[in-house]
Protein chains: 2
Amino acid sequence: MDRIVKTLTWNKDYLEIIDQTLLPLDEKYIKIKTIEAVWEAIRGLHIRGAPAIGVASAFGLVLAAKKYKGKNKDKFFSIFEDNISYMKTARPTAYNLFYGLARLKKSAYENYRKSIPELQDIIEKEAEKMFDEDMESCKNIGENGSSLIKDNINVLSHCNAGGLATTGFGTSLSVFYFAWDKGRKFRVFVDETRPVLQGARLTTWELKKAGIPHTLICDSTAAFLMQQKKIDIVIVGADRICANGDTANKIGTYNIAVIAAYHKIPFYIAAPLSTFDFSLKSGDQIPIEERPGEEVTDLGCIRITPEETDAYNPAFDVTPAKLIKGFITEKGIFSPKNLFTLKKI
Amino acid sequence: MDRIVKTLTWNKDYLEIIDQTLLPLDEKYIKIKTIEAVWEAIRGLHIRGAPAIGVASAFGLVLAAKKYKGKNKDKFFSIFEDNISYMKTARPTAYNLFYGLARLKKSAYENYRKSIPELQDIIEKEAEKMFDEDMESCKNIGENGSSLIKDNINVLSHCNAGGLATTGFGTSLSVFYFAWDKGRKFRVFVDETRPVLQGARLTTWELKKAGIPHTLICDSTAAFLMQQKKIDIVIVGADRICANGDTANKIGTYNIAVIAAYHKIPFYIAAPLSTFDFSLKSGDQIPIEERPGEEVTDLGCIRITPEETDAYNPAFDVTPAKLIKGFITEKGIFSPKNLFTLKKI
């Protein structure tokens, strides 16, 4: 299978991304040539989704590293470290951002004795390797999860954990793509995912491209569908998974996990190893990004609430491991209690 | 206390309503002179909220009845019955619509021997009585429920069960108004209530007028707040309550009831007796209105999803009695198990 969408493409001098804030109305690609522009693209949700953020931020660091034309290695590393610190401030929750930067840092320091041009090349190759690994991981997630999609079932998705959230294949949507490719027939109920509407704008766009039957619903309609036994399984993505299995994902995910448990519907997380943060014991340690209230009070440029209405807009929530039946990863499906075996890998 | 808003005002020749589709951006009042225009105003959500629909539809029937200038009583009653049948088709779920029309029908037939002008007068007086009763009921609901609002708590509201949903005082919001008037300090978390955003547009507007502190949230954020112990009580309105306590209300209400139960947070319904349909044994008998998918796929006039995306848009859901701690009515607070005592009243 080809990738569903060219979410991000590396071109040596620039990173090309599809501007996700304009989808589905406009399919526009933008060229990004500086680390600052990558930072802005991530902060402004032009590129989003934990795995995509991880790879994009790595290329941001590559763009900055390649700019150094001097010969002072201490200065090169000093700037390199500054850029890592800067890039880390783009968004706080998705672990892949920190994972990607840490990998580039490690590969650079492991080759400290090499020349600066060699180091620049090593860093770039490491980022390219991350890109390829993400693509491969997503395909394996799709393959591993596809057995969960039985014929004639209805699945629930939240936010966008598709090609757009990764290098081009998706995590939870990859599961649907592989199941569909194997001839399984099913329908995806797509949570619109307020406030930024990643479900309504992005997931519908991908599923339409893939030809998979789907129905858009308001987030609060999912419980009503579950009550009527119209949802058989829930599969969502993740932004950060702790050692005990507690999982940060798009706001509303915890709500779904609770209602799924109430209706005895299996709830799965699909994510690559790059989203697992084994340094955190439990979910209360995950920093939760709070975004501007205007994402809630305004629709597009139109204010829909009275002036001065305050909105509370956390971008993520944390689902405790006990509500999660399994993690669909590139290494197989693991229950929260078996995550320690994944840590060893 | 004065009523919060002139939701609907009867002026003998016309019904004046505030156009709720334009709030909060525009505060515009419209004069309605025919039953067809009342029907359209209800179907198009220019006036909404079960008690307000009940009273408005009664005045719609009055407008039609007063139009008859002939002397043939059989014809008068035949047209009257036709208009009742027509008015019933405006929206299917809110019981108050049927309750109001049934009351007018009963008072007309009880006075069958009177002259047509007398009958027209009797019907009008009955509608005016319903208006006054609704105002009184809402105040009593507010008084009866206010003891539930302790100092320094956070309450969760969904949709708009305020002055705008009634003749001008509200059901669940009346509880907040009375508690605030008694000096209780508290904060209301306002669910935005997709897709029509009655929370974001209408409840915020009312609470701002009343000076009650409030914070707008996306519907799916409520569970996250509950997880953090930031919600102490949930009070919502109702569109129809069955004999066993099963309750239809705005889509998303069932979701809230489930997450409230999970977090052991008391969940209350505030509604007048006119919303109780003792003829229905349980919630599976309540007809649920399905509204156009465009309410979900479009924001204002802008399509936000790919063309041809299907949306499923039920306007209501049914919360089973077992998830409801109590019904706040004008006659006091009743648990689902004690509803039979209310039936006797």
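Predicted, not measured: the structure shown is a model, and the values here were computed from it. Each chain gets a letter, A, B and so on, in the order the sequences are listed, and its residues count up from 1.
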Engineer: Of all the heavy-atom pairs spanning Pro24(A) and Ile304(B), show the shortest one and how long it is.
Structural biologist: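 It is CD-O, 3.1 Å.
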Engineer: Under a 4.5 Å cutoff for heavy-atom pairs, which residue among Leu225(A), Thr215(A), Asp284(A), Ile288(A) has the most contacts with chain B?
Structural biologist: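 It is Thr215(A).
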Engineer: Between Leu299(A) and Leu197(B), is there a side-chain heavy-atom distance shorter than 4.5 Å?
Structural biologist: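 With C-beta onward as the side chain, the pair touches.
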Engineer: Give the interface residues of residues 198-208 of chain B toward chain A, defined by a heavy-atom separation under 4.5 Å.
Structural biologist: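 Against chain A, the residues of residues 198-208 of chain B that fall inside the cut-off (heavy atoms, under 4.5 Å) are Ala200(B), Arg201(B), Thr204(B), Trp205(B), Lys208(B).
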Engineer: Looking at residues at least two apart in the chain, or sitting in another chain, which of them share a side chain to side chain contact (heavy atoms under 4.5 Å, CB included) with Ala165(B)?
Structural biologist: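 Partners of Ala165(B) under the side chain to side chain contact (heavy atoms under 4.5 Å, CB included) test: Arg48(B), Asn160(B).
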Engineer: Judged by atom type as modelled, is there a donor-acceptor pair below 3.5 Å linking the side chain of Gln227(B) to the main-chain atoms of Val318(A)?
Structural biologist: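 Between the backbone of Val318(A) and the side chain of Gln227(B) there is a qualifying donor-acceptor contact (under 3.5 Å).
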Engineer: Who among Asn313(B), Asp219(B), Thr297(B), Ile217(B) has the most heavy-atom pairs with chain A under 4.5 Å?
Structural biologist: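 Greatest number of close heavy-atom pairs with chain A: Ile217(B).
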Engineer: With side chain to side chain contact (heavy atoms under 4.5 Å, CB included) as the test, would you mind laying out the steps for Leu216(B) and Tyr312(A) before giving the verdict?
Structural biologist: CA-CA 6 Å; Leu216(B) 181 66; Tyr312(A) 171 58; over 6 Å; no
Engineer: Quick check for you: to the nearest 0.5 Å, what is the distance between Ser220(B) atom OG and Ile256(A) atom CD1?
Structural biologist: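 Between atom OG of Ser220(B) and atom CD1 of Ile256(A) there are 7.5 Å.
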Engineer: Spell out the residues in residues 240-254 of chain B that have some non-hydrogen atom less than 4.5 Å away from a non-hydrogen atom of chain A, in order of number; otherwise answer 'none'.
Structural biologist: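 From residues 240-254 of chain B, the residues near chain A are Ile251(B), Gly252(B), Tyr254(B).
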Engineer: So for Leu22(B), is it side chain, backbone, both, or neither that comes closer than 4.5 Å to the heavy atoms of chain A?
Structural biologist: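 Nothing of Leu22(B), per the 4.5 Å heavy-atom cut-off to chain A.
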Engineer: Can you tell if the side chain of Tyr262(A) reaches within under 4.5 Å of the side chain of Ile259(B), non-hydrogen atoms only?
Structural biologist: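 No. Closest side-chain heavy atoms not under 4.5 Å.
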Engineer: Salt bridge (Lys or Arg N to Asp or Glu O under 4.0 Å): which pairs involve residues 308-326 of chain A, sequence neighbours left out?
Structural biologist: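 Sorted result for residues 308-326 of chain A: empty, none.
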Engineer: Please classify the contact of Glu295(A) with chain B as side chain, backbone, both or neither, using a heavy-atom distance under 4.5 Å.
Structural biologist: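 For Glu295(A), neither part sits under 4.5 Å from chain B.
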Engineer: Kindly indicate, with the supporting measurements, whether the criterion side chain to side chain contact (heavy atoms under 4.5 Å, CB included) is fulfilled by Ile302(B) and Leu25(A).
Structural biologist: CA-CA 10 Å; Ile302(B) 299 170; Leu25(A) 304 179; 4.2 Å; yes
